[in-house]
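Heads up: the structure comes next, in structure tokens.
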2 protein chains.
Amino acid sequence: MSVQERKARERAVRERLIVATARELAEQQGWDAVTTRRLAERIEYSQPVLYSHFRGKREIIGAVALEGAAEMAVAVRAATSAADGPRERVVALARAYLDFAERNPAVYDALFQLDGGLAYAQEDTPEPLKDAFAALLESLGEVAGDGVHPGLFTEVFWASLHGLATLTRAGRLLPEDAAQRVELLVDRLAVL
Amino acid sequence: MSVQERKARERAVRERLIVATARELAEQQGWDAVTTRRLAERIEYSQPVLYSHFRGKREIIGAVALEGAAEMAVAVRAATSAADGPRERVVALARAYLDFAERNPAVYDALFQLDGGLAYAQEDTPEPLKDAFAALLESLGEVAGDGVHPGLFTEVFWASLHGLATLTRAGRLLPEDAAQRVELLVDRLAVL
DNA sequence: TTGCTTGTCTAGCGATGCTAGGATTCGAGT
DNA sequence: ACTCGAATCCTAGCATCGCTAGACAAGCAA
């Protein structure tokens, strides 16, 4: 038994290595640079090893996305719990979200732009994704306003943040006025 | 001279054919299916002909994007000019925008998701892109509210719509409540 | 020691974006 | 009318991609 356990442990370590390396490579040179060959070389194994852990590149992206979702939830909760009052909490949430997107563009892409083969907004949605949404809901629900479903409000607020994040990073919006846009968004959307 | 003119005309026709075919193929089977080989086969020319018109696949995407930007501007203006009152205009704009995104997913991707090699939010931004933004600004500027820069407001509103469009199409948001989200967004963001 | 499972690698397939270089066509000049 | 040269187009190929088959080696069980 002990032998099998050791092997399983080593396999798990290698799997984490694959995900971490893919993420690192993606953040350094973009997801296009994350080829199976380069990834295999970096972990010092041959290509087929990747396929003994994941069905393919898509699943690797999905694994990075899950990792990122958990981190984002932590970042959002840390920011909101350190803020006083509903408005400050919402501002902190928005900043934390956009900050995360800016600092981890590859992870953000894995989460919301690329196809990681994950189910969203469904029952079989992986727990980290649900929890990341829950982290948003916790602070946004209290400023949804009367008669507005908290979940719906959170979706709209989230979509707005997502729009700002993606358009800014894709060069469609200039980063200079980013702070002003956040202020405007919070002032208008949140009911205090 | 006449001969050269005829050739130039024929070249222009073929260039439009390339763009139209790429768009058609992308709408039918997604941009991944738009390979240079398939595209060349559909227009009944060899691959290198594509490269005598465009630097590469990226520029073809850019051409589709420009075409789409012009159409989107038309669609938005048609919707807003048929609506009475500021609020109705904004609602009409939002619906027209999301409708365009839903009905022309490949074109929308070319515009805002993919890299078409175009400059955005700069001086050398192609005219169709500027004009599409202007079309949004025309109706959104009047509901920006006092002391809020119309351009900034338009950017925020646009980003929100973009977020809704992309998250919905990527399966991150369920399409059922789409109408409610638009209502909420307009009610909160627009100052009437 | 022998046999078998498990793990890993080499080699290769079809497809991708893109390009070099040869062939063909066709108008211009005598 | 005929030749020459330039423009036009295609065949063939390169490097790279994601992914996989099949050979090989390592290591445990009998």
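The shown structure was predicted, so the numbers you read here are calculated from the model rather than taken from an experiment. Because only heavy atoms are used, hydrogens play no part in the values below, and waters and symmetry mates are left out as well, while side chains stay in.
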Using a 4.0 Å cut-off on protein heavy atoms (strictly under), produce a 5'-to-3' string for nucleotides 5-11 of chain D with B for base contact, S for backbone-only sugar-phosphate contact, and - for none.
----SBB
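- The minimum heavy-atom distance linking A/S139 with A/L93 is given by the pair CB-CD1, 3.9 Å.
- Other residues, nucleotides and ligands contribute only 12 or fewer heavy atoms inside 6.0 Å of the CZ atom of A/R103.
- Residue-environment remark: CD (A/Q122) exceeds the threshold of 12 foreign heavy atoms within 6.0 Å.
- Between B/Y51 atom OH and D/dG13 atom P the separation is 18 Å, expressed in whole Å.
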How far apart are the C-alpha atoms of B/R77 and B/E71, what are their side-chain angles, what is the distance that settles it, and do they pass the salt bridge (charged side-chain N to carboxylate O under 4.0 Å, His left out) test?
CA-CA 10 Å; B/R77 289 203 175 96; B/E71 286 179 27; over 6 Å; no
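- Listed by residue number, the members of residues 54-62 of chain B with any heavy atom below 4.0 angstrom from DNA chain D form an empty set.
- Cation-pi geometry between B/R14 and B/Y45 is met: the NZ or CZ atom falls under 6.0 Å from the ring centre, inside 45° of the normal.
- Between the CG atom of B/L50 and the C1' atom of C/dC18 there is a distance of 11 Å, rounded to whole Å.
- With sequence neighbours excluded, the residues forming a side chain to side chain contact (heavy atoms under 4.5 Å, CB included) with B/P175 are B/T168, listed by chain and number.
- In terms of the salt bridge (charged side-chain N to carboxylate O under 4.0 Å, His left out) criterion, residue partners of A/E10 (sequence neighbours excluded) are, by chain and number, A/R6.
- Going from atom CG of B/L184 over to atom CG of B/L164 covers 9.5 Å, rounded to the nearest 0.5 Å.
- Within residues 24-41 of chain B, the residues having any heavy atom under 4.0 Å from DNA chain D are, by residue number, B/R37.
- At a cut-off of 3.5 Å, with distance as the only test, a side-chain donor of B/Y108 or B/H162 sits close to an acceptor on the other residue.
- With sequence neighbours excluded, no residue forms a salt bridge (charged side-chain N to carboxylate O under 4.0 Å, His left out) with A/E27.
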